[in-house]
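Worksheet: the structure to be examined is printed underneath.
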Amino acid sequence: MISVNGLHKQFGNLEVLKGIDVKVNKGQVIVVIGPSGSGKTTLLRCLNILEMPTSGSITIDDETGDFSKPVGKRKIDLLRRKSAMVFQHYNLFPHMTALQNVMEGPVIVKKLPKAEARKKAEQLLNKVGLGDKLDFYPHQLSGGQQQRVGIARALALEPKVMLFDEPTSALDPELVGEVLQVMKDLAGEGITMVVVTHEMRFANDVADEVIFMDEGKILERSKPSEMFTHPKEERTKQFLNLIQ
Amino acid sequence: MKMARTMKFQKDGSVKMFWNNLTIEPEKMERYLDIAQSSLLPLLEGALVYTLPLTLITFSLGLMIAVLTALARISTIKPLQWIARFYVSAIRGTPLLVQLFILFYGLGSIGIVIDPFPAAIVGFSLNVGAYASEVIRAAILSIPKGQWEAAHMIGMSYSQSLRRVILPQATRVSIPPLSNTFISLVKDTSLASLILVTEMFRRAQEIAATTYEVLLLYTEVAMLYWIICFILSLIQGRLEHRFDRYVAR
Ligand SMILES: Nc1ncnc2c1ncn2[C@@H]1O[C@H](COP(=O)(O)OP(=O)(O)OP(=O)(O)O)[C@@H](O)[C@H]1O
Ligand SMILES: [Mg+2]
């Protein structure tokens, strides 16, 4: 489903991704962990082309972008459509209701008829447990509710891959569970997911594999049980000790 | 008409006192009221035919210029940035009155004759455009980067992101400062009198010149400007309230 080859990303002189190679199969849930500044967010953003990779290639589904040469707008659009992102700070549109937030992509970008988009948005909001909050503005919702709208908004795009960048790290502890539960349900439906998170319980319960990133590289990749009990790399051990 | 008013004032003792204290003879007062009343219609006509249209047209045109200028300023295309900067700097760095004189008398003197009203439209639009562009630019820049990203994430193009996500939010931020620009504009249109537009203030000048009641006329026209601006500030309040719907308080 995802195939990343030799992905590099540089900000000026700072090389943030130093050659990333990843493959993710259809339906897999991959959790990405690693110290702050290791490039986790940058990797996700490159997958959604919110950040233009410096070189390397990204394939999602049947769409490939080769960033060794200039990539056209059309290509970026096609590749971006394959994934959808859930942001750490939700980034909901504050001037739109929950329903409008979810409908916006289908109506404006995919030109779906309004009635149809509305029905779909209602279903999705129901699914994330917000069927009774359709007409609420983001500021009228709790953090956990906002993030669930964020998930519904991403799902409305019908992406092949869902990308989550620390979706619960801005939440009060008591609100983390409701968001993780929604993500668990999605994983159960066989949606391909790449999740950056420090929720080790979630990784352990839901992830098919865990990737450990450090200084712009993938150091280690294995099943969660193995990663958490027998990490191969010294850096991984140090990191896991730190956060546990 | 005169009778009616006299009687009305006679009924009211305090007004009589007022006259006596200020030692304004009733005849003089009558003349004031008469002129104030008979000048009201021409003044209001000046407001309805010139002051308000001039304000509304130039504010609309100015806003369009302002949005384009703001977008040029934040674009990554250098020449666009330069043109926008040059324009804003030139307009903000020179007096509005001088700009109007250049457009009307200056251009007229080299054979490019523009009628007073169109000249005023051009002058005020360019002026509003420059000032409002700074407001709009600041408002656009005040919208968090995450909003652009979310818009791109759901597949929007630059112009879709701008129209659907950024500008609606920037509008809310801009309403208070733009209202100030608008209210200033109402008053600034009085400068058009100096390029022969017969707007409200010029009417007042004309009537003052024939009646010699200078203080009366200028006070009257001041009151009219004040009333217009007061109504506008009420509308501003309502607008702000409407746009505050989606903001946490
Ligand atoms: N737009 C940018 N311009 C310059 N440097 C950037 C930019 N975005 C990220 N960086 C740098 O890239 C490095 C990796 O950042 P990134 O956000 O990907 O790390 P992360 O692994 O997500 O960290 P965290 O756990 O703190 O979220 C950091 O050193 C960061 O300062
Ligand atoms: Mg991050």
Side-chain angles (χ1 to χ4, degrees), chain A residues 41 44-45 47-52 73-74 76-98 100-112 135-142 146 149-150 152-159 162-163 165 170, chain B residues 63 66-67 70-71 74-78 80 135-179 236-249:
Chain A
T41 297
L44 282 200
R45 290 166 56 85
L47 289 175
N48 197 239
I49 332 286
L50 288 175
E51 219 63 82
M52 187 60 79
K73 269 209 172 87
R74 177 91 192 119
I76 292 172
D77 244 27
L78 289 172
L79 196 51
R80 184 176 278 155
R81 265 179 212 198
K82 297 291 179 182
S83 65
M85 180 110 138
V86 174
F87 298 94
Q88 184 173 4
H89 298 286
Y90 337 129
N91 297 6
L92 295 182
F93 306 127
H95 56 305
M96 300 182 194
T97 62
Q100 290 168 336
N101 264 280
V102 180
M103 285 171 64
E104 189 69 5
V107 171
I108 301 301
V109 179
K110 298 203 169 156
K111 314 289 182 202
L112 214 64
D135 297 323
F136 283 53
Y137 285 93
H139 77 88
Q140 298 169 313
L141 300 172
S142 73
Q146 290 188 51
V149 175
R153 176 176 70 177
L155 287 172
L157 306 171
E158 299 183 334
M162 286 283 284
L163 309 171
D165 186 14
Chain B
L63 276 188
V67 171
L71 292 179
I74 59 177
S75 89
T76 49
I77 305 164
K78 285 274 182 247
L80 278 183
V135 170
I136 290 170
R137 185 174 74 100
I140 291 176
L141 292 179
S142 77
I143 307 304
K145 219 171 118 240
Q147 291 293 309
W148 284 101
E149 290 180 352
H152 290 325
M153 188 278 287
I154 67 170
M156 286 183 169
S157 62
Y158 176 80
S159 69
Q160 284 173 328
S161 309
L162 201 62
R163 259 185 302 121
R164 301 282 312 174
V165 175
I166 305 300
L167 286 182
Q169 295 180 60
T171 303
R172 197 199 117 254
V173 184
S174 323
I175 286 176
L178 284 182
S179 303
Q236 170 190 1
R238 293 185 71 118
L239 266 181
E240 275 173 37
H241 185 72
R242 256 190 63 153
F243 274 85
D244 267 355
R245 238 177 355 182
Y246 61 83
V247 184
R249 261 152 295 178

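Chain letters run A, B, ... following the sequence lines, proteins first, then strands; residues in each count from 1.
In terms of heavy-atom proximity, A:A84 sits nearest to B:M153 at CA-SD, 3.9 Å. Across all their heavy atoms, A:H95 and B:P168 have their closest contact at CD2-CB, 3.5 Å.
Here CD1 of B:I154 is found 11.5 Å from CZ of A:R81. Values are rounded to the nearest 0.5 Å.
Scored by the side chain to side chain contact (heavy atoms under 4.5 Å, CB included) test, A:K111 finds B:Q160 as partners (sequence neighbours excluded).
No donor-acceptor distance shorter than 3.5 angstrom exists from the side chain of A:N91 to the backbone of B:Q147, with no hydrogens or angles considered.
Put simply, of A:L163, A:N48, A:I76, the one with the most heavy-atom pairs under 4.5 Å next to chain B is A:N48. Residue with the most contacts toward chain B among A:H89, A:R45, A:K73: A:R45 (heavy-atom pairs, distance under 4.5 Å).
Near-neighbour residues of residues 100-108 of chain A relative to chain B, defined by a heavy atom under 4.5 Å from a heavy atom of that chain, comprise A:E104, A:G105, A:I108.
For a residue to count as touching a neighbouring chain, one of its non-hydrogen atoms must lie under 4.5 Å from one of that chain's; by this rule A:F93 touches chain B with backbone and side chain alike. Using a 4.5 Å cut-off between heavy atoms, A:L92 touches chain B through its backbone atoms (N, CA, C, O) alone.
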